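Here's the structure, in structure tokens; my notes come after.
All values reported here derive from a predicted model rather than from experimental measurement. As the structure lists them, so they are numbered: ligands from 1, and atoms in each ligand from 1.
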Amino acid sequence: MIKAVRGTRDLLPPETALWNFVEAAVRDVFRAYNFQEIRTPIFEETALFARGVGEETDIVAKEMYTWEDRARAASEKGQSLTLRPENTAGVVRAYIEHKLWDRGLNKLYYIGPQFRRERPQKGRYRQFYQIGAEVIGPPSAGSESPARDAEVLEMLATLLDRVGIADWNLELNSVGTPADRAAFNEALRTALEPVKEKMCGDCQRRAVTNPLRVFDCKVPGDQPIIETLPRITQFLGEDSRKHFDAVQEILTKVGVRFSLNDRLVRGLDYYTRTAFEFTHGALGAQNAILGGGRYDGLSEALGGPAAPGIGFAIGEDRLVMSLKETAEGVLRKPDVYVAPMAGMNGESARLARELRRHDLVVELGDEGFRLKKSFEAATKAGAKYILIVGENEVKADAFAVKNLATGEQVSVPRAELARRIQG
Ligand code: HAM
């Protein structure tokens with residue numbers, strides 16, 4: 001038997017109702033902040049991620065699905081392509097390619113699958129879904145302002161509250177400017193020199209090439225060493241510090257709670273200044289529901305104009321997982337099961353069509369079913385009412401409607417059916 005590939009999964013009803021509920025809430029909340037949707041391809045040139053996310057990150061070094069796409073015609077070149085492991089690089093590529101600043105498009109969101117070859121476990125998949133948003137624009141449009149950081153964070157707090165996740169924690173840090181980070185990396189390199197031999201292979205490599213990435217290490221034996229390392233906070237320049245203070249000040253003013261975490265450096269190289277994660281206790285080891293931050297140099301790194309930005313991506317799989325308990329509340333069961341008697345498929349279809357036009361959820365049976373089987377099917381579907389369509393009913397233009405919970409049955413004229421069932 002062929003099964004879904006390791007790390008991928010089928011999303012089945014009734015859980016898909018929860019996904020739809022989340023996505024509807026997202027579209028609603030994001031609209032209030034004037035975000036518009038962008039859809040970028042799920043594969044891109046490999047170089048986009050190597051340059052955007054960073055060669056030395058776990059994502060690029062170990063986790064990408066990359067292949068050589070052969071040329072199929074003389075007019076085409078073979079090229080290295082990659083399934084997107086994240087969407088920020090793609091959005092910034094599109095921003096540059098279509099000169100989105102000229103169209104005043106500076107707040108974009110996306111919903112879609114991403115791909116990383118990680119070790120699958122609870123809350124971690126090889127195909128997973130992200131809901132993300134990016135605020136990006138020329139510095140003259142205020143895209144560097146701490147007001148944008150705070151607005152994005154406040155929007156996230158609003159969204160999580162709205163979908164019913166109350167016990168989230170916002171962890172906040174500043175990873176500084178590239179200059180701040182150069183000083184920090186130097187200090188880390190020095191601090192790591194005498195101890196790196198005792199660390200895992202990845203950390204020994206990172207200690208030389210990109211010391212900051214040591215903070216991504218999950219190896220338990222390395223943690224006591226990492227605890228003793230200097231922190232980025234000690235290396236923030238005046239500008240970074242002021243920016244970070246301003247973000248915190250606005251958050252406090254609007255009443256969004258947060259805690260500072262000076263170990264938080266995020267696993268992607270493009271971040272500058274504000275970096276954050278929202279975590280949720282019920283999720284276990286993979287407890288980050290979402291992560292994000294500023295990436296003021298990304299556009300330039302990809303060959304575009306100066307375009308500071310800030311954004312985030314929610315792990316939709318994890319968000320839905322932390323919501324599961326409320327699944328019952330968002331499921332819409334059929335309002336009515338229409339049960340045709342012998343020869344009544346046509347009349348029943350006509351009636352179902354009318355009822356559905358009134359925005360009712362209708363499950364339509366079959367004239368081949370005996371009445372007992374129709375009742376069983378209606379109960380199994382969770383319908384509120386069963387409506388019986390027989391020759392007599394059609395002649396009288398009035399139908400037997402039975403409430404499946406109470407057993408109460410009434411005859412209702414056709415014209416009043418929809419109102420009766422809605423009530
Ligand atoms: P990230 O932290 O790599 O950031 O991913 C964001 C979120 O995606 C994580 O917090 C997690 O919830 C979810 N996620 C990541 N990997 C997996 C996985 N294998 N299975 C399930 N969920 C996963 C980014 O991707 C950045 N592009 C976010 C961003 C946008 N920064 C600025 N703008």
Cut-off 3.5 Å, side chains only: do [X] and [Y] have a donor facing an acceptor?
{"X": "Trp19", "Y": "Glu23", "value": "no"}
{"X": "Glu56", "Y": "Asn210", "value": "no"}
{"X": "Asn87", "Y": "Thr40", "value": "yes"}
{"X": "Thr272", "Y": "Thr177", "value": "no"}

Quick note on ligand 1: atoms under 4.0 Å from a heavy atom of Glu118 include exactly 16 (N), 17 (C), 18 (C), 19 (N)
Counting from 1 in the order shown, the ligand 1 atoms closer than 4.0 Å to a non-hydrogen atom of Ala313 are 6 (C), 7 (C), 28 (C), 29 (C), 30 (C)
Judged by heavy atoms only, the candidate from Arg117, Arg119, Arg266 nearest atom 4 (O) of ligand 1 is Arg266
Measure the distances from the heavy atoms of [X] to every atom of ligand 1 and state whether one is below 4.0 angstrom.
{"X": "Gly132", "value": "no"}
{"X": "Tyr129", "value": "no"}
{"X": "Phe278", "value": "no"}

Residue pairs, two or more places apart or on separate chains, that pass ring pair (Phe, Tyr, Trp, His ring centres under 6.0 Å) and touch residues 140-170
Trp168-Phe278
Does NZ or CZ of Arg117 lie under 6.0 Å from the centre of the six-membered ring of Tyr65, at an angle within 45° of the ring axis?
yes
Using only atom types and a distance under 3.5 Å, with no angle test, would you say the side chain of Asn173 pairs donor to acceptor with the backbone of Leu264?
yes
Geometric N/O contact Asn87 with ligand 1, under 3.5 angstrom
no
What do you reckon, does Thr88 have a nitrogen or oxygen under 3.5 Å from a nitrogen or oxygen of ligand 1?
yes
Within the 4.0 Å heavy-atom cut-off, what Ile310 brings close to ligand 1 is neither
